[in-house]
> 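Let me give you the structure first, and then I'll get to my questions.
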2 protein chains.
Amino acid sequence: MGKVTLSDVAQAAGVSIATASWAINDNKKVRIPEATRVKVRKVADRLGYRPNALAKGLAQGASSLIGFVADGVATTPFAGQMIAGAQEEAWAHGKLLLVVNTNGETALEESALALLREHQVQGVIYSTWYHRSVAFPKGLEGIPTVLVNCFDDDNSHAVVVPDEEQGGYAATSELLKAGHRRVMFLNTVSPSPARTDRLKGYRRALDEWGVAFDEALVVPVRPDQDGGYAAARTVVKSGVEAVFCHNDRVAMGLYDGLKERGVSIPDDVSVVGFDNQEVISAHLHPALTTVGLPHYELGVLGVRRLLAMDEIPSEEGADQLRTLVECPTVRRDSVRTL
Amino acid sequence: MGKVTLSDVAQAAGVSIATASWAINDNKKVRIPEATRVKVRKVADRLGYRPNALAKGLAQGASSLIGFVADGVATTPFAGQMIAGAQEEAWAHGKLLLVVNTNGETALEESALALLREHQVQGVIYSTWYHRSVAFPKGLEGIPTVLVNCFDDDNSHAVVVPDEEQGGYAATSELLKAGHRRVMFLNTVSPSPARTDRLKGYRRALDEWGVAFDEALVVPVRPDQDGGYAAARTVVKSGVEAVFCHNDRVAMGLYDGLKERGVSIPDDVSVVGFDNQEVISAHLHPALTTVGLPHYELGVLGVRRLLAMDEIPSEEGADQLRTLVECPTVRRDSVRTL
DNA sequence: TTGAAAGCGCTAACAA
DNA sequence: TTGTTAGCGCTTTCAA
């Protein structure tokens with residue numbers, strides 16, 4: 001029965017409805033003797049009492065809902081992972097996730113945000129499926145918001161993003177550590193933080209190992225299998241023995257291209273990917289060593305950040321506004337140690 | 001401002017709060033003169049009035065929320081597609097999706113369902129990431145529910161699932177139509193509707209083309225890249241010229257194995273996959289012809305079915321209980337026409 | 001420590 | 001056609 005109300009419980013327990021409420025919610029401001037608390041609880045259980053979240057929210061002026069806005073749930077597995085992370089963290093705090101998909105369309109987004117508002121969401125996670133800059137949506141003004149996997153240019157909001165620089169560094173280091181010195185970087189052609197910052201990481205790793213940066217070894221590719229496939233030619237011609245690919249899809253294409261040329265991975269060429277897109281990386285031959293994009297974590301930290309906004313006075317200093325999440329190295333079999 | 005209430009609007013428009021409500025909601029039971037309706041609407045717009053969904057829900061005894069239960073959002077892209085479909089269809093009806101991920105754990109599921117109940121969801125979509133049978137959850141009793149991508153054994157609930165038989169038929173036909181006669185079927189070893197029904201479809205297609213069924217051509221494989229990779233040997237040895245793979249991952253492994261043996265696709269062997277897992281199928285060399293699993297559609301039809309349950313008297317006859325969704329053929333370049 | 005009661009914002013009888 | 005008003009189920013102030 002979902003029809004048991006608090007007043008039913010109160011009546012059955014022989015207390016007032018207010019007392020019942022306090023007993024059940026462990027209200028800090030009121031001291032209820034253990035005895036009555038236990039009694040009320042027991043009655044509630046027996047009756048199968050379940051609070052009505054709507055009534056609760058109405059009375060408190062806020063629901064226990066968190067809005068999750070995504071720009072492409074169906075497009076990639078990435079959105080799913082962020083949702084999963086956000087959902088789990090929210091749940092751990094007794095909140096539920098109201099998920100909304102905008103397909104990147106502003107019109108849809110507007111009405112989506114309006115709907116979330118109507119449902120009195122406590123705050124919203126605004127996410128994008130690939131790391132990029134966004135214009136902060138008007139509709140979000142006045143609602144606690146954290147940008148996940150994206151950021152606004154004026155830098156005035158809470159942001160949780162992957163640490164691309166560290167990721168680029170980690171990927172490159174993996175090759176350097178294995179003893180390789182001429183490391184090619186198949187970087188994406190599309191302008192993005194991924195492109196810029198992974199390159200920075202690549203250079204920092206080179207620096208650290210005392211390897212001179214060679215512009216010719218950074219080659220621009222389309223960020224998918226075709227890009228990697230096409231690059232195989234360049235890789236072979238250059239004679240490098242190690243390649244850091246912008247992402248796993250590029251690596252997948254490169255595998256294909258290299259195999260067709262009779263080049264063996266990792267015996268002839270070591271390869272490192274990026275993203276850790278399981279369906280690819282874990283199942284290539286040989287399995288691909290790569291650096292993971294922490295989507296699940298982004299979701300978790302996004303919600304955590306959001307929920308912390310209540311507690312922390314909003315003036316925190318801009319340094320606390322941006323959370324960088326580490327990209328973990330996933331070692332498999334595509335790197336040969338010299 | 002999110003603080004404008006209906007009574008503010010009423011006051012500003014010089015009408016009663018009830019009139020305002022009617023004017024705004026286009027209530028059918030009450031005839032409001034166009035003039036006042038317009039006036040109220042205008043005032044509401046000017047003030048930026050937004051209804052409070054919690055209050056509305058409380059007053060009406062039901063929210064405009066639909067629960068979406070998934071058993072593995074992070075695991076595959078499939079869940080994401082179902083969510084996207086469900087979300088969009090829900091939205092088209094003014095509903096929002098409350099998404100909950102159980103990771104397949106019963107304990108989590110129980111409290112998830114309890115939470116959904118507390119939020120007075122109108123109904124729930126209970127989904128699984130791969131097509132399988134489930135025990136209908138106790139916690140769902142009494143709530144309008146539709147099972148999506150899964151079904152209960154006693155067949156007493158609304159179900160929306162992919163038409164695996166038709167899918168198997170479509171995949172096989174694709175090869176037969178191209179002129180191939182000896183078609184190997186790399187079927188999964190794990191018991192599932194996919195295994196059983198795709199096989200049925202395979203046989204039906206064979207029948208239809210007058211090709212005798214050869215048991216030896218149905219070979220069991222692990223349903224992933226390794227399975228396909230290992231099967232390459234069998235394929236080559238058998239000398240077949242066409243292979244229908246249980247899924248795209250198997251096909252991906254088979255590509256690898258075949259390439260290593262110098263066998264060319266589709267010149268020597270034509271290959272058809274299943275699932276249409278874009279990241280794989282669209283980017284293999286050659287691109288893979290496959291049959292899609294209609295996850296997005298499953299989501300759409302799931303909520304459509306759910307919303308229809310109100311309108312249709314629950315006694316509908318069991319024949320209406322099960323909705324089969326077509327698996328579409330996606331033609332690319334891995335099949336050679338003789 | 002407990003109870004009575006006033007809302008939270010909206011809907012829907014029931015009257016007028 | 002419109003207004004009055006009694007809830008929906010719960011929280012929380014104020015008294016007792």
Side-chain angles (χ1 to χ4, degrees), chain A residues 1-41 43-44 47-65 94 115 117-122, chain B residues 1-41 43-44 47-65 94 115 117-122:
Chain A
M1 300 297 295
K3 301 278 138 216
V4 185
T5 80
L6 189 55
S7 89
D8 294 335
V9 174
Q11 199 166 0
V15 299
S16 81
I17 185 174
T19 305
S21 169
W22 288 325
I24 286 177
N25 294 308
D26 267 333
N27 191 310
K28 307 283 177 191
K29 319 209 45 158
V30 180
R31 289 180 35 135
I32 297 273
E34 193 59 18
T36 45
R37 239 204 47 191
V38 169
K39 182 179 60 183
V40 173
R41 288 274 178 91
V43 173
L47 264 42
Y49 169 71
R50 296 263 106 214
N52 180 324
L54 298 185
K56 197 168 199 155
L58 181 57
Q60 291 177 147
S63 76
S64 57
L65 264 27
L115 266 185
R117 269 205 135 89
E118 292 182 11
H119 284 271
Q120 318 296 121
V121 293
Q122 213 163 71
Chain B
M1 299 294 297
K3 301 278 139 219
V4 184
T5 79
L6 189 54
S7 86
D8 293 335
V9 174
Q11 199 166 2
V15 298
S16 82
I17 179 173
T19 305
S21 169
W22 289 324
I24 286 178
N25 294 307
D26 266 332
N27 192 309
K28 307 282 175 191
K29 319 211 42 158
V30 179
R31 290 182 31 136
I32 297 272
E34 193 58 18
T36 47
R37 238 204 48 191
V38 169
K39 181 178 62 181
V40 173
R41 288 276 179 90
V43 174
L47 265 41
Y49 169 71
R50 296 262 107 214
N52 180 324
L54 298 184
K56 195 168 200 154
L58 180 57
Q60 291 179 147
S63 76
S64 56
L65 264 26
L115 264 185
R117 269 205 134 89
E118 293 181 10
H119 283 271
Q120 317 297 119
V121 293
Q122 212 164 71

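Below, chain A is the first sequence line, B the second, and so on; all start at residue 1. Any value given below was found using the heavy atoms of this structure, including those in side chains, with hydrogens, waters and symmetry copies removed.
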> Whole-Å distance between D:dT13 P and A:Lys29 NZ?
6 Å
> Is the phosphate of D:dT1, meaning OP1 or OP2, less than 4.0 Å from a side-chain N or O of B:Thr36?
no
> So does B:Arg37 pair up with B:Asp26, basic N to acidic O under 4.0 Å?
yes
> Can you see if the side chain of B:Thr5 gets near the phosphate of C:dG9 - specifically, an N or O under 4.0 Å from OP1 or OP2?
no
> Can you tell me the distance, in whole Å, between the CD1 atom of B:Ile24 and the P atom of C:dT11?
9 Å
> Report the nucleotide, chosen from C:dC8, D:dT2, C:dT11, that has the shortest atom-to-atom distance to any side-chain atom of A:Ala59.
C:dC8
> Run A:Ile24 and A:Leu6 through side chain to side chain contact (heavy atoms under 4.5 Å, CB included) and show every step you take.
CA-CA 10 Å; A:Ile24 286 177; A:Leu6 189 55; 3.9 Å; yes
> Rounded to whole Å, please give me the gap between CG in B:Leu58 and P in C:dG9.
12 Å
> Name the closest nucleotide to the A:Ile32 side chain, picking from C:dT2, D:dT4, C:dG9.
C:dT2
> Between A:Val9 and A:Val4, is the side chain to side chain contact (heavy atoms under 4.5 Å, CB included) condition met? List the steps.
CA-CA 7 Å; A:Val9 174; A:Val4 185; 4.2 Å; yes
> When the distance from CD of A:Gln120 to C1' of C:dG9 is rounded to whole Å, what number comes out?
9 Å
> Between C:dG3, D:dT5, D:dT11, which nucleotide has the shortest distance from any of its atoms to the side chain of A:Ser16?
C:dG3
> Could you state the CG-P distance from A:Leu6 to D:dT11, rounded to the nearest angstrom?
7 Å
> Using whole Å, report how far CG of B:Asp26 lies from P of C:dA12.
14 Å
> At less than 4.0 Å, is any side-chain N or O atom of B:Ser7 found next to OP1 or OP2 of C:dG9? Yes or no.
no
> Given B:Ile32, which of B:Thr19, B:Val38, B:Val15 fulfils the side chain to side chain contact (heavy atoms under 4.5 Å, CB included) condition?
B:Thr19
> Tell me, with the steps shown, if A:Leu65 and B:His119 meet side chain to side chain contact (heavy atoms under 4.5 Å, CB included).
CA-CA 10 Å; A:Leu65 264 27; B:His119 283 271; 3.2 Å; yes
> State whether B:Lys56 places a side-chain N or O below 4.0 Å from either non-bridging phosphate oxygen (OP1 or OP2) of C:dG9.
no
> When the nearest nucleotide of DNA chain D is assigned to B:Gly14 and to B:Gln60 on a heavy-atom basis, which residue is associated with the more 5' position?
B:Gly14
> Does A:Thr19 make a side-chain N or O approach to OP1 or OP2 of C:dT2 shorter than 4.0 Å?
no
> Which nucleotide in the list C:dT1, D:dT2, C:dC10 gets nearest to the side chain of B:Tyr49?
C:dC10
> Just the rounded figure in Å: distance from C1' of C:dC8 to CD1 of B:Ile17.
12 Å
> So does A:Ser21 get a side-chain nitrogen or oxygen closer than 4.0 Å to the phosphate oxygens (OP1/OP2) of D:dT11?
yes
> Could you please name the option among D:dG3, C:dC10, D:dC10 that lies closest to any side-chain atom of B:Ala55?
C:dC10
> May I have the distance from B:Arg50 (atom CZ) to C:dC10 (atom C1'), rounded to whole angstrom?
15 Å
> How close do A:Ile17 and A:Ser7 get, counting heavy atoms only, and between which atoms?
CD1-CB, 3.9 Å
> Under 4.0 Å between a side-chain N or O of B:Asn25 and OP1 or OP2 of C:dT11?
yes
> C:dG3, C:dC10, D:dT2: which one has an atom nearest the side-chain heavy atoms of B:Trp22?
D:dT2
